> 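Below is the structure I would like to discuss, written out as C-alpha cells.
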2 protein chains.
Amino acid sequence: MYLTLDDINKLDYLYKINLINSVSGFKSANLIATKSKENISNVAVFSSVVHYGSNPPILGFVLRPSTVIRNTYDNLKETGYYTINHIHEGILEDAHHTSAKYPSEISEFDKSNLEEEYLDAFQAPYVKGCAVRMGLKYVEEYHIKANDTLLVLGEIVHLYIDDHLIEEDGFVNLSKGKTAAINGLDGYFIPVNHTRMTYQRPKKD
Amino acid sequence: MYLTLDDINKLDYLYKINLINSVSGFKSANLIATKSKENISNVAVFSSVVHYGSNPPILGFVLRPSTVIRNTYDNLKETGYYTINHIHEGILEDAHHTSAKYPSEISEFDKSNLEEEYLDAFQAPYVKGCAVRMGLKYVEEYHIKANDTLLVLGEIVHLYIDDHLIEEDGFVNLSKGKTAAINGLDGYFIPVNHTRMTYQRPKKD
C-alpha cells in the first residue's frame, strides 16, 4: 500500500486512526494514576510513555488536545505527582477499560478490578501487582503546536521493581514481568524471548 | 527493589542507563535515514519514535543532548526530510550496528548490509525490505530543558506498508512484519500473538 499525505487525510476516520496509530511501531503500555485534592483517584492507560534521559531519570508522555476530558492532567497539575505502572498480562482487560471516558468524580479503580495501593507516603496511588511502578514528580510541559497536544515530563522519585526482573548489569527483563506492548489503538502483545546486543563501535576498514 | 531519586543518582553509570532505559516499558524500533546536501546518507537506530496524532499524521522522536554528534539532526534540518523504517527480525544486527558513532562523512549504509532505496523522488533514503516505511517532512522541534534533549516532530507525507500487514479496519498487524520492539538499550524482541480489545464505554452502575 502506498499513500501520500493527501490520501491519508482523505481516509475514513476510524480506518485512519487505526492505521496511523500503528505506524510508529510498538508502544509502551502503562497505567498512569493520580489523586485529586478531593481524594478522588484516577487511573488511565497510556501508550505514549517514553524515555527522555537517565541522568536525571526523566520520562515523558503525550496528552490529547485540551478540548477533551483530561482527569490525569488536571490531577497531576493540581498535586504535582503521578505514578506510572507497567501493564502486564494479568490486567490487560481492566487496564484497557480505563480508556472509557468516566467523569472526574468517578474513580476507575471502582469500575475495574485494578487495586490502588499507597507506598512510602507518596500522594498518588500505585496499581497493585505491577512489576515496575514509579512515583513521578511533575517537571515541565510543552504545548505541541503541530496538533494541539501536550508533552508532560516528570522525574522518577520512587522506583519499585520486582527483583526477579533485574539482571546483573541493571537491565530490566520486561518479559519476566509479562509486560505488555501496544500495537495501534487496541492490540496488546506480551513479548517473549529477546536478543541482547552489544555496544557497537565503528568497523575498521 | 526500591530506589529513591537519590539512590538512582548514585548508581554506577552503566547500571543506571540499563535500568532507567528499561523502565518506560517496550519501545519502538526504527531506523531513521537522511541524506546531507553533500549526498552522504545516514541511517541510525532510534527507540523514541512515538505517535503524536493521526490528523494530521504526526510522529515525534527524541535526540540526545546537543553536545554529541547528531548527523541525523544536521541532515534533516538542512534538507527538511527524513524517513522512518520499521526494524524487523531480518536486520536486527545491522540495525543495532548503526548505533556506532561514525563521523558524518561515512554512510552507515556502507558499513552494514542495510540497503538504501529512493522512492517517488523523495530526498531521503528508505531502508530496503522494511514492511513499514514513511517519508516525513520536518515540522517543528522543542528543546527539552529538563535534560537538554530535543523533541523533533514531523508529518508523514509518504507511507508504504506491505499489504499483508493491513487488516480491514486499518489496523497494521506489526507481528506479520516480524517488527521488533526494544527493551532498554539493547534488548530486541519480535512480539508474536496479540489480543485486540474493543472500544470501551463507561460501565453502568
Side-chain angles (χ1 to χ4, degrees), chain A residues 1-3 5 8 15-26 28 30 48-54 57-59 86 96-97 99-100 102 111 132 139-140 142 146-147 149 153 157 159-161 163 169-172 174 181 183-184 186-189 191 194-197 200-203, chain B residues 1-3 5 8 15-26 28 30 48-54 57-59 86 96-97 99-100 102 111 132 139-140 142 146-147 149 153 157 159-161 163 169-172 174 181 183-184 186-189 191 194-197 200-203:
Chain A
M1 183 170 81
Y2 168 58
L3 298 174
L5 175 58
I8 295 170
Y15 190 96
K16 174 162 50 184
I17 63 171
N18 277 321
L19 187 81
I20 303 301
N21 269 279
S22 300
V23 296
S24 58
F26 286 105
S28 57
N30 286 292
S48 60
V49 173
V50 67
H51 174 86
Y52 270 76
S54 300
I58 303 277
L59 301 181
H86 283 201
H96 186 67
H97 182 63
S99 61
Y102 284 104
K111 294 292 183 179
V132 176
V139 174
E140 53 173 349
Y142 294 87
N147 66 343
T149 51
L153 296 158
V157 291
L159 173 60
Y160 305 85
I161 307 180
D163 288 324
D169 61 356
F171 179 83
V172 181
L174 297 176
N183 177 169
D186 54 15
Y188 289 81
F189 284 77
H194 66 280
T195 311
R196 279 196 76 186
M197 303 284 184
Q200 298 292 304
R201 290 188 170 79
K203 287 176 193 164
Chain B
M1 183 169 83
Y2 168 59
L3 298 173
L5 175 58
I8 295 170
Y15 190 96
K16 175 162 50 185
I17 64 171
N18 276 322
L19 187 82
I20 303 301
N21 268 280
S22 299
V23 297
S24 59
F26 285 105
S28 57
N30 285 292
S48 60
V49 172
V50 66
H51 174 87
Y52 269 77
S54 300
I58 303 277
L59 300 182
H86 283 201
H96 186 66
H97 182 63
S99 61
Y102 284 104
K111 294 292 181 179
V132 176
V139 174
E140 52 172 350
Y142 294 87
N147 66 343
T149 51
L153 296 159
V157 291
L159 173 60
Y160 304 85
I161 308 180
D163 288 325
D169 61 357
F171 179 83
V172 181
L174 297 175
N183 178 169
D186 54 15
Y188 289 80
F189 284 78
H194 67 280
T195 311
R196 280 196 75 186
M197 302 284 185
Q200 298 292 302
R201 290 187 170 81
K203 288 177 194 165

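The structure presented is a predicted model; accordingly, all values stated were derived computationally and were not measured. Here is how names work: the chains are called A, B, and so on, in the same order as the sequence lines, proteins then strands, and each is numbered from 1. Values below: every heavy atom of this structure, side chains too, minus hydrogens, waters and symmetry copies.
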> Please state whether the side chain, the backbone, both or neither of Leu174(B) comes within less than 4.5 Å of a heavy atom of chain A.
both
> I need the residue from Ser24(A), Ser28(A), Ala100(A) with the largest number of non-hydrogen atom pairs under 4.5 Å to chain B.
Ser24(A)
> Measure across Ile20(A) and Gly53(B) and return the closest heavy-atom pair with its distance rounded to 0.1 Å.
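Heavy atoms of Ile20(A) and Gly53(B) come nearest at CG2-O, 3.8 Å.
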> Is chain B contacted by the side chain of Val132(A), its backbone, both, or neither, given a heavy-atom distance below 4.5 Å?
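Only the side chain of Val132(A) comes within 4.5 Å of chain B.
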> Apply side-chain contact (heavy atoms from CB on, under 4.5 Å) to Ile161(B) and Leu19(A), showing your working.
CA-CA 10 Å; Ile161(B) 308 180; Leu19(A) 187 81; 3.8 Å; yes
> Decide side-chain contact (heavy atoms from CB on, under 4.5 Å) for Asn147(B) and Leu153(A); before the verdict, give the C-alpha distance in whole Å, the side-chain angles of both, and the deciding distance to 0.1 Å.
CA-CA 10 Å; Asn147(B) 66 343; Leu153(A) 296 158; over 6 Å; no
> Counting only heavy atoms closer than 4.5 Å, note whether Ile17(A) contacts chain B via side chain, backbone, both or neither.
both
> Is chain B contacted by the side chain of Val139(A), its backbone, both, or neither, given a heavy-atom distance below 4.5 Å?
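Side chain only.
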> Which answer fits Leu59(B), side chain, backbone, both or neither, if we ask what part of it has an atom under 4.5 Å from a heavy atom of chain A?
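Contact with chain A: side chain only.
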> Once you round to the nearest 0.5 Å, how far does CG of Leu3(A) lie from OH of Tyr160(B)?
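The distance works out to 10.0 Å.
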> Using a 3.5 Å distance criterion without hydrogens, assess whether the side chain of Asn183(A) forms a donor-acceptor pair with backbone atoms of Val172(B).
yes
> For Gln200(B), which residues count as a side chain to side chain donor-acceptor pair (under 3.5 Å) partner, sequence neighbours excluded?
His97(A), Thr198(B)
> When heavy-atom pairs shorter than 4.5 Å are enumerated against chain B, which of Ser54(A), Gly184(A), Ala181(A) gives the highest number?
Ser54(A)
> Looking at Pro202(B), Ala146(B), Gly25(B), which has the largest count of heavy-atom pairs under 4.5 Å with chain A?
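Option with the top pair count is Pro202(B).
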> Taking all non-hydrogen atoms of both residues, which atom of Pro191(B) and which atom of Phe189(A) are closest, and how far apart?
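Residues Pro191(B) and Phe189(A), closest heavy atoms: CB-CD2, 3.5 Å.
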> Side chain, backbone, both or neither: which part of Tyr142(A) has a heavy atom under 4.5 Å from chain B?
side chain
> Look at His194(A), Lys16(A), Met197(A) and state which one has the largest set of heavy-atom pairs under 4.5 Å with chain B.
Met197(A)
> Of the backbone (N, CA, C, O) and the side chain (C-beta and beyond), which part of Val157(B) lies under 4.5 Å from a heavy atom of chain A, both, or neither?
both
> Under the rule for salt bridge (Lys or Arg N to Asp or Glu O under 4.0 Å), what residues qualify as partners of Arg196(A), not counting sequence neighbours?
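Scan of Arg196(A) (salt bridge (Lys or Arg N to Asp or Glu O under 4.0 Å), adjacent residues dropped) gives Glu167(A), Asp169(A), Asp186(B).
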> At a heavy-atom distance under 4.5 Å, which candidate from Val50(B), Ile58(B), Asn18(B), Val49(B) has the highest pair count against chain A?
Asn18(B)
